Amino acid sequence: MQGMMMHRDLRIIDILTYAAEAFPDQGIVSARDEGDVNRLSYPEILGRVSQLAHGLKKLGVKEGDRVATLAWNGHRHFELYYGISGIGAVCHTLNPRLPAEQMSYILNHAQDSVLCVDLSLIGLVEALKGDVPEGMKIVVMTDRAHMPDTSLDVLCYEELLDGQPTDMDWPEFPETTAAGLCYTSGTTGNPKGALYSHRSTVLHALYVVAGHPQSLSSGRRALPVVPLFHVNAWGMPYTAPLAGMTMVMPGRFLDGASLYDLMQAEEVYTAWGVPTVWAGLQAEIEKRGNKPPKGFEDLVVGGSAAPRAMIAAFEAMGVNVNQAWGMTEMSPIGTRGLLPEWLKSASKDEQIDAKTGAGRRLFGVEFKIVDDDGNRLPHDGETTGELYVRGNTVIRAYFENEEATKAAFDADGWFGTGDVSTVGEDGRLIIRDRAKDLVKSGGEWISSIDLENHATAHPDIAACAVIAVPHPKWDERPVLVVVPAGDKRITLDALHDFMSDHFAKWQLPDDIVFVDDLPLTATGKVSKLTLREQFSDYVLPEFRESTA
Ligand code: ADP
C-alpha cells in the first residue's frame, strides 16, 4: 500500500527562498577581491540570484549544462550555487590550487559551457592557454569598474545581472536532476567527478543541520574557511541559510592574522575548516595573548584528523571543538558531534580524547567495516577494518568514469572509503588511517594518524607527518618528518621517551628527518604522496650504518 502524502520534488532554490522569508535579517558578509567588505541580506541575495538566473539563460545556459566556478568564498560564488542549480544547470566548482593541466582536464571532461572566475584568479585561466571546451564563455565575477586587463574574451558578472528582474518563476524538475559537480583532488591518477543531485544536496543539508545543532543555530555567524570551490564548503551554503545563520566569507586571505581580524570584526561564532588553517589561527591567538576573537565559541575541524594538542589548545581558550569526517563522494559530511549529555559526564581529558575521533555516524549514512575478504566486522569500538558507506548522500557512480566506478563499490553497492577505521556501538567513528598511509610492519600495522597525533603534542614539534619506508625484514617502518617549533631539534631518544606510554616499542618511528614545511594538497591537507616522492631515496639509519 502506498502512503497518501503529496510528493514535491526537493529543490535547492527552496532553501534560499525559505531563508529570505524566515530569516530576512541574516545574510552574507564577504571580504571581496575588490578590497571591500560587502553585506547582503538573504532577501537581497535572492533578488540577485534571480537576476543571475535570467542572465545565465540569456547567455544560453540550459538544463543539464555545466557552469564552472573558479572562485574564493564570497557572495557571488554563493549566488552562482543557487542561480545555476535553480534553472536546472550544474554548478561545477573548480579548485584554483590544482595544476593547470588538471584544471584543463577537468574543464574538458565536464564540458563546461561557461566559466565564472574571480578577479584575482583570471591569471589561472590565461595560463590554460585556450585548452578549454570549445565555445566556453568566461565571466569575471566583478563590476565594470574593476574589470581586468586581459587577453581573454570576457564578460562582466554585474553586467550579466544588471536590468534583469529580481524575481523568478523557478522551474520544476525531478529532484534527481544533477545540481553540482566536484572532482576529487586527484592525488593519484586523474580527478574523478562526484555529481550531486537536488535531492542529495537538500537531504545532506537537513541531515547536517540535525546532526550539528550546536554549531548551526539561528542568529549566529558562521565562517566557512572550507572553500566553496571544493565539496560545497561541507554544505555550508545550504546549511547556514537553512539554519538561519549569517555566513562570513573570508575571500582569499586565509592566514591566521587575516582570519583573526575578520572573525573579531564580524563576531563569528563558529568556524569550519581543515587543521592546517586552524594551526595558523591558533598561533595568531597565542601571539595576541591567548585571547580568541570576540564571540568565537565553536570550531568544526575536518578533512584530516585534528591533532590532540590543537583540540586541547582551542578547548582551553573556551572554544568548543568538534570533528566532522567525510569525503567528496559523500556530499561530504558523514559524522556528527558527540552527545552533550555524554560530554557533561566526562572529564576534560576524556572529552578531548573523544574529540580526537571523527564523531558519530550522521543520520542518513550507513557504515560497515570489513576485513580484507569483505566480511563484515563488529562495531565494537575495537575491531579495525575498511569502512564502507551507503546512503542518499553518497555517490552511486563517478561522472562519466566507468573504470573508477568499477573499483569503488563492493558487490552489494556499498562505497569503499579507503579509510581504515573502528566503529563503536554508538556509531562513534575512529579513523585509524587512510589504507594507503598505514605503515605495515612485520604483519602488523601502525597508524600514522596516531603517531602524528601524539608527536605534535611535543613542544619542539610544530607539525609532523609519518611516512612508511620500505624495510627488507619488516616490510615497512615509520619515519617521522618534523617541522621544528623553534631552534631545538628533538632527538629520536627524546621522542621515544615522550611517546612510549602510548605505543609499543615496535610502533615507534625509526628515524626523524627535519624539514622547513610540509607539502600540502590542493585542499590544504598534508600531502603524503609528495612526501613519499620527496623521500624516495631515503635510507633508514640501520642500513646507512651497515654501508658506512
Ligand atoms: P578532499 O578532496 O577534500 O581531500 P577527500 O574526499 O579526498 O577530500 O578526503 C576524504 C578523506 O579525508 C577521508 O576519506 C579521510 O581519509 C580524510 N578525512 C576527512 N575528514 C577526516 C577527519 N575528521 N579525520 C580523519 N580523516 C579525515
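All values derive from a computational prediction rather than experimental measurement. We count ligands from 1, going down the list as the structure has it; atoms in each ligand are counted the same way. Hydrogens, waters and symmetry mates are skipped; everything else that's a heavy atom, side chains included, is used.
Of the heavy atoms in Thr523, only side-chain atoms (C-beta onward) come closer than 4.0 Å to ligand 1. No part of Pro332 comes within 4.0 Å of ligand 1, judged by heavy-atom distances.
Scanning Met330, Arg434, Glu329 for the heavy atom closest to atom 7 (O) of ligand 1 points to Arg434. Of all the listed residues (Val231, Leu387, Asp419), Asp419 holds the heavy atom that lies closest to atom 15 (C) of ligand 1.
Using a cut-off of 4.0 Å between Lys/Arg side-chain N and Asp/Glu carboxylate O, Asp412 and Arg376 are scored as not salt-bridged. The residues Asp118 and Arg252 are annotated as not salt-bridged, no charged nitrogen and carboxylate oxygen being separated by less than 4.0 angstrom.
Of the protein's non-hydrogen atoms, the one nearest atom 17 (C) of ligand 1 is Gly303 O, 3.4 Å. Here the protein heavy atom with the shortest distance to atom 21 (C) of ligand 1 is Trp325 CD1, 3.6 Å.
Remark: ligand 1 and Val301 share no N or O pair separated by less than 3.5 Å (distance only, no angle test). Taking any N or O of Thr184, backbone or side chain, none lies under 3.5 Å from an N or O belonging to ligand 1. In terms of N/O distances under 3.5 Å, ligand 1 is approached by Ala324.
Lys348 pairs by the salt bridge (Lys or Arg N to Asp or Glu O under 4.0 Å) definition with Glu315, not counting sequence neighbours.
For residues 321-378, the pairs satisfying ring pair (Phe, Tyr, Trp, His ring centres under 6.0 Å) are Tyr207-Phe363, Trp325-Phe367, with sequence neighbours left out.
By the 6.0 Å and 45° rule, Arg221 does not stack over the aromatic ring of Tyr269.
Under the 4.0 angstrom criterion for non-hydrogen atoms, Gly418 is not in contact with ligand 1.
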